[in-house]
Participant: 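Have a look at this one.
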Amino acid sequence: MELLQEYYLIALDVFRKFPYPKDKSEQTAWLSLLVTENLEEAERLIQDYPWLQEIYEEIAMLRHRPEEVLGMFSEALRILDQNTVKYMIEELQKQLEDEKAEKAAAIREKTAVIKEKDAEREAVIKEKAAVIREKDEEIAELKKQLEAVRQG
């Protein structure tokens with residue numbers, strides 16, 4: 001199986017005990033952000049990675065205004081509900097299409113069987129009609145012979 005992206009699993013508790021060397025990479029910054037536990041660590045990280053300041057400010061704002069978090073959570077649930085409904089509709093449509101295809105295949109199969117039986121019946125009818133014609137011709141011939149015997 002070919003994956004489109006590479007994934008790395010990193011145990012944050014292990015990273016906390018044994019952080020990466022101070023190579024000042026973006027990856028190290030994000031992992032450090034995730035394991036920060038106090039303000040001193042946050043201040044040190046902001047000194048090393050100034051772009052994290054905006055993130056820490058937003059986190060602080062959200063701590064003071066939890067209704068914002070609830071609003072984001074409610075919006076996320078709303079989107080999740082919409083996506084779930086869309087998914088369920090798509091699954092039901094797929095199921096209906098599959099059922100329609102199965103019914104159509106069954107109808108085609110039954111139609112083919114009926115046509116085959118009709119063809120067989122028609123062949124039998126033609127055969128019997130030919131036999132009847134032969135018998136009629138034989139009867140007509142026998143009637144002529146009988147008439148000839150009566151006159152003769």
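In this chain, numbering begins with 1 at the start of the sequence shown.
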Participant: Under the rule for side-chain contact (heavy atoms from CB on, under 4.5 Å), what residues qualify as partners of E43, not counting sequence neighbours?
Facilitator: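 In terms of side-chain contact (heavy atoms from CB on, under 4.5 Å), with neighbours along the sequence ignored, E43 is linked to no residue.
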Participant: My understanding is that only residues two or more places apart in sequence, or in another chain, count here; which of them pass side-chain contact (heavy atoms from CB on, under 4.5 Å) with Q95?
Facilitator: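 Listed in chain order: L92, E99.
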Participant: Taking only residues two or more places apart in sequence, or in another chain, which ones meet S74 in a side-chain contact (heavy atoms from CB on, under 4.5 Å)?
Facilitator: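 Counting only residues at least two positions away or on another chain, S74 forms no side-chain contact (heavy atoms from CB on, under 4.5 Å).
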Participant: Within the supplied structure, the quantity of interest is the number of heavy atoms (other residues, nucleotides, ligands) at a distance under 6.0 Å from M61 CE; does it exceed 12?
Facilitator: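 Yes, CE of M61 has more than 12 neighbouring heavy atoms, counting only those of other groups under 6.0 Å.
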Participant: Does a donor on one side chain and an acceptor on the other come within less than 3.5 Å for Y56 and T36?
Facilitator: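 Their side chains do contain a donor-acceptor pair, which is all the 3.5 Å distance test asks for.
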Participant: Show every salt bridge (charged side-chain N to carboxylate O under 4.0 Å, His left out) that has at least one partner inside residues 55-66, sequence neighbours left out.
Facilitator: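 Listed once each, the pairs are R65-E68.
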Participant: Atom CZ of R44 and atom OH of Y49: how far apart are they, to the nearest 0.5 Å?
Facilitator: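 With rounding to 0.5 Å, CZ (R44) is 9.0 Å from OH (Y49).
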Participant: The criterion is ring-ring contact (aromatic ring centres under 6.0 Å, His included); which residues satisfy it with F15, sequence neighbours excluded?
Facilitator: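 Scan of F15 (ring-ring contact (aromatic ring centres under 6.0 Å, His included), adjacent residues dropped) gives Y20.
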Participant: Please, which pairs that meet side chain to side chain donor-acceptor pair (under 3.5 Å) have at least one residue in residues 9-19, sequence neighbours excluded?
Facilitator: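 Non-adjacent pairs meeting side chain to side chain donor-acceptor pair (under 3.5 Å): R16-E37, R16-E41.
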Participant: Tell me the side chain to side chain donor-acceptor pair (under 3.5 Å) pairs involving residues 122-138, sequence neighbours left out?
Facilitator: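 Counting only pairs at least two positions apart or across chains, no side chain to side chain donor-acceptor pair (under 3.5 Å) contact touches residues 122-138.
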Participant: Does CG belonging to L70 count more than 12 external heavy atoms closer than 6.0 Å?
Facilitator: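 Yes - once you tally the heavy atoms of other residues, nucleotides and ligands closer than 6.0 Å, there are more than 12.
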Participant: For L45 and S32, which heavy atoms make the closest approach, and how far apart are they?
Facilitator: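 Heavy atoms only, the tightest pair is CD2-CB, 3.4 Å.
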Participant: Out of curiosity, does V35 fall in the hydrophobic cluster containing I10 (side-chain heavy atoms, cut-off under 4.5 Å, transitive links)?
Facilitator: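 Yes, I10 connects to V35 through the hydrophobic network.
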Participant: When you look at K143 and E147, which way does the side-chain contact (heavy atoms from CB on, under 4.5 Å) test go after all the steps?
Facilitator: CA-CA 6 Å; K143 280 184 182 180; E147 194 61 37; over 6 Å; no
Participant: Applying side-chain contact (heavy atoms from CB on, under 4.5 Å), name anything that partners E26, two or more places apart in sequence or on another chain.
Facilitator: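 For E26 the side-chain contact (heavy atoms from CB on, under 4.5 Å) partners, ignoring immediate neighbours, are W30, W51.
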Participant: V85: which other cluster members, linking ILVMFWY side chains closer than 4.5 Å, directly or transitively?
Facilitator: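 I89, all in the cluster of V85.
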Participant: Does E75, at its CD atom, have more than 12 non-hydrogen atoms belonging to other residues, nucleotides or ligands within less than 6.0 Å?
Facilitator: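 Result for CD/E75: enclosed.
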Participant: May I have all residue pairs that pass side chain to side chain donor-acceptor pair (under 3.5 Å) and include part of residues 79-90, sequence neighbours excluded?
Facilitator: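 Sorted pair list: R78-Q82.
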Participant: Using 0.5 Å steps for rounding, measure from the CD atom of E109 to the CD1 atom of I107.
Facilitator: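 These two atoms lie 11.5 Å from each other.
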Participant: Please test L146 against R150 for side-chain contact (heavy atoms from CB on, under 4.5 Å), starting from the C-alpha separation and ending with a verdict.
Facilitator: CA-CA 6 Å; L146 182 63; R150 282 188 188 160; 3.7 Å; yes
Participant: For R121, check salt bridge (Lys or Arg N to Asp or Glu O under 4.0 Å) against everything at least two apart and list the hits.
Facilitator: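 Checked R121 against salt bridge (Lys or Arg N to Asp or Glu O under 4.0 Å); matches are D118.
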